[in-house]
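Just the heavy atoms: all of them, side chains too, but no hydrogens, waters or symmetry mates, feed the values below.
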Amino acid sequence: MIPLCVPNLSGNEAKYLNECIESTFVSSVGAFVTRFERMVAAAAGAAHCASASAGTTALHAALLAVGVRPGDLVICPSLTFIASANAISHCGAIPWLFDVDAESWTLDPELLKREIARATTLRDGERIHESGRRVSAILPVFTLGVPADMDAIVTTAREAGLAVVVDGAAALGGTYKGRPSGKLGADLTMYSFNGNKTVTAGGGGAVVGDDKQLVDFFRHLTTTGRRGPDYDHDVVAFNYRMTNLQAAVGCAQMEQLETFVDAKRRIAARYDEAFRGVNGFGRFPSPAWAQSPAWFSGVVLETDDGDIKSAELRAHLRAADIDARPFWKPMHHQKPYLDAPRTAMPVSDRLWSRIVTLPCSSHLTDAQQAHVVDTVLAWSRIP
Ligand SMILES: *Cc1c(COP(=O)(O)O)cnc(C)c1O
């Protein structure tokens, strides 16, 4: 089976893990954690970074750090991995689900502006939804690592008095108008280092930001709210720390970030080129404002029967020992979020069932990719 997307552990991973074991620093204190945070901050273009046990836990603590409280609404695109919505729920808040923009598959800034104006008012300095709930933050998701239109989103957020926490889980290496993904005006930007991301720590997460106090507060919340060397804790907090073992793998992976992103962009470009003339085949997004880090590659079957065709194509590929999968099922179709407040969803509803992701590990060989391309093209010729 040619896998969809598996880690490439050909660098210093084993060497650094051995260093951890020989030093006995295997837990949440250690030199690799600090080194990893510096590398992530530099790659993200941000002044400060704090690591965490996972992307989901980082997102939870980031939302708490910017002031999300129980009962609040947090604006979130429906087309995302469920961790984005779950992190909001973990705060006791409720996701307010928005449709995405067709070109970028990210939060639609026009819709955002329009809905905030239509459905909220400012009362005593707080943004209140027509349901009576406070709206406290916007959580843009950088789908496939492609940055959302952040200049527009941040402008709207600031005018509305809302915090911005980005789910940039797979966005390391991506840029927006030439700026790196952690330097786009959000209060905090989260990255995931889960095994299926472009760089992995086995599991893990991090946030970056330019406000040192805010990043320090995030760290405080993820490290049991401890003050000083004694057992003094000033807030109910979490044990969301990354271990030195995770960070050791993470450092070895971060050393290869550029190589991995280059490889993934080449893979994406080859698929795009190979399928360009095929009737009904659309590309993954590349809005003019962004350079995608191409976390996943694939095709969109754009015809009216594309939802049926995409399932057929996936079955055809799997029969040829090629892993191909659907992409995120939107939150408004997920059992925990069926009742969440939401906008109309014309783009998400047409899009999600037509996406097919194709093998795109950074060490996918040319021969393997040629085999995938040939198999897809053979399927497309079946009458
Ligand atoms: C991977 C991913 C996450 C979750 O990160 P974990 O590290 O697995 O907790 C969150 N959001 C998005 C968009 C992701 O792709």
Side-chain angles (χ1 to χ4, degrees), residues 1-8 78-82 100 102-106 143-146 169-170 194-198 200 260-261 263-286 292-335 345-383:
M1 178 77 102
I2 301 179
L4 187 74
C5 184
V6 289
N8 177 348
S78 191
L79 185 72
T80 185
F81 179 57
I82 199 163
V100 294
E103 193 194 343
S104 67
W105 304 1
T106 60
T143 312
L144 300 163
V146 175
N194 183 40
N196 70 347
K197 302 301 192 282
T198 300
T200 183
F260 289 172
V261 171
K264 281 184 166 274
R265 284 185 177 141
R266 274 199 304 278
I267 291 165
R270 262 190 237 125
Y271 283 132
D272 286 348
E273 179 62 27
F275 304 139
R276 199 157 47 161
V278 182
N279 223 356
F281 273 37
R283 306 167 42 149
F284 276 23
S286 59
S292 170
W295 171 40
F296 275 160
S297 292
V299 292
V300 190
L301 301 183
E302 287 177 333
T303 53
D304 282 344
D305 62 352
D307 49 344
I308 297 161
K309 288 285 178 197
S310 67
E312 283 175 20
L313 173 57
R314 289 197 306 270
H316 180 84
L317 288 165
R318 283 174 165 271
D321 253 358
I322 295 165
D323 197 3
R325 298 193 199 176
F327 196 52
W328 301 326
K329 182 175 175 181
M331 294 308 105
H332 65 282
H333 294 306
Q334 303 281 0
K335 195 172 170 201
M345 295 286 172
V347 179
S348 301
D349 275 338
R350 185 169 171 92
L351 182 61
W352 75 273
S353 55
R354 289 175 170 73
I355 300 172
V356 177
T357 54
L358 295 171
C360 59
S361 305
S362 63
H363 50 316
L364 182 75
T365 66
D366 288 355
Q368 284 174 322
Q369 191 173 6
H371 176 55
V372 176
V373 165
D374 290 345
T375 311
V376 173
L377 289 177
W379 174 82
S380 74
R381 290 188 205 102
I382 299 171

In short, salt bridge (Lys or Arg N to Asp or Glu O under 4.0 Å) pairs touching residues 356-375 with sequence neighbours left out are R270-D366

Rounding to 0.5 Å, atoms OG (S380) and CG (L313) come to a distance of 9.0 Å

In terms of heavy-atom contacts, G145 and P293 come closest through O-CD, 3.2 Å

**Asked** Any sub-3.5 Å donor-acceptor pair from T200's side-chain atoms to N194's backbone N or O?
**Response** yes

Handout entry: Side chain Q369, main chain L364, donor-acceptor under 3.5 Å
Key = no

NZ of K309 to CZ of R354, rounded to nearest 0.5 Å, is 12.5 Å

Q | Beyond-backbone contact of I382 with E312, side-chain heavy atoms, under 4.5 angstrom | A | no

Here the pair of heavy atoms bringing L377 nearest to A274 is CD2-O, 4.0 Å

Rounded to the nearest 0.5 angstrom, the OG1-CD1 distance for T365 and I267 is 9.5 Å

Closer than 4.0 angstrom, basic N to acidic O: yes or no for R350 and D304?
yes

Residue set satisfying ring-ring contact (aromatic ring centres under 6.0 Å, His included) with W105, at least two apart, ordered chain then number -> F284

Rounded to the nearest 0.5 Å, the CZ atom of F327 sits from the CG atom of L144 at a distance of 4.0 Å

Within the structure provided, determine whether L351 and L79 are in side-chain contact (heavy-atom separation under 4.5 Å). yes

Using atom types as modelled and distance alone, determine if a side-chain donor or acceptor of T375 lies under 3.5 Å from a backbone N or O of L317. no

Quick note, side chain to side chain donor-acceptor pair (under 3.5 Å) partners involving residues 294-303, not counting sequence neighbours, are T303-D305

Closest heavy-atom pair, C5 versus S361, reported as atoms and distance to 0.1 Å, is CA-OG, 3.4 Å

Is a donor on one side and an acceptor on the other found under 3.5 Å between the side chain of S310 and the backbone of S353? yes

Salt bridge (Lys or Arg N to Asp or Glu O under 4.0 Å) pairs touching residues 315-331, sequence neighbours excluded, are R318-D323, D323-R325

When rounded to the nearest 0.5 Å, the distance separating CZ of F260 from NZ of K197 is 15.5 Å

Paired with V299, the side-chain contact (heavy atoms from CB on, under 4.5 Å) test is passed by just one of V356, D272, V278, namely V356

H333 meets the side chain to side chain donor-acceptor pair (under 3.5 Å) criterion, sequence neighbours left out, with D349

Value for OG (S348) from CE (M331), rounded to nearest 0.5 Å, stands at 10.0 Å

Contacts of F281 meeting ring-ring contact (aromatic ring centres under 6.0 Å, His included) (sequence neighbours excluded), chain-then-number -> F275

**Asked** Looking only at atom types and distance, does a side-chain atom of S292 sit under 3.5 Å from a main-chain N or O of A294, one as donor and one as acceptor?
**Response** yes

Close side-chain approach of V372 and Y271, heavy atoms under 4.5 Å
yes

So do H371 and Q368 actually touch side chain to side chain, heavy atoms under 4.5 Å?
no

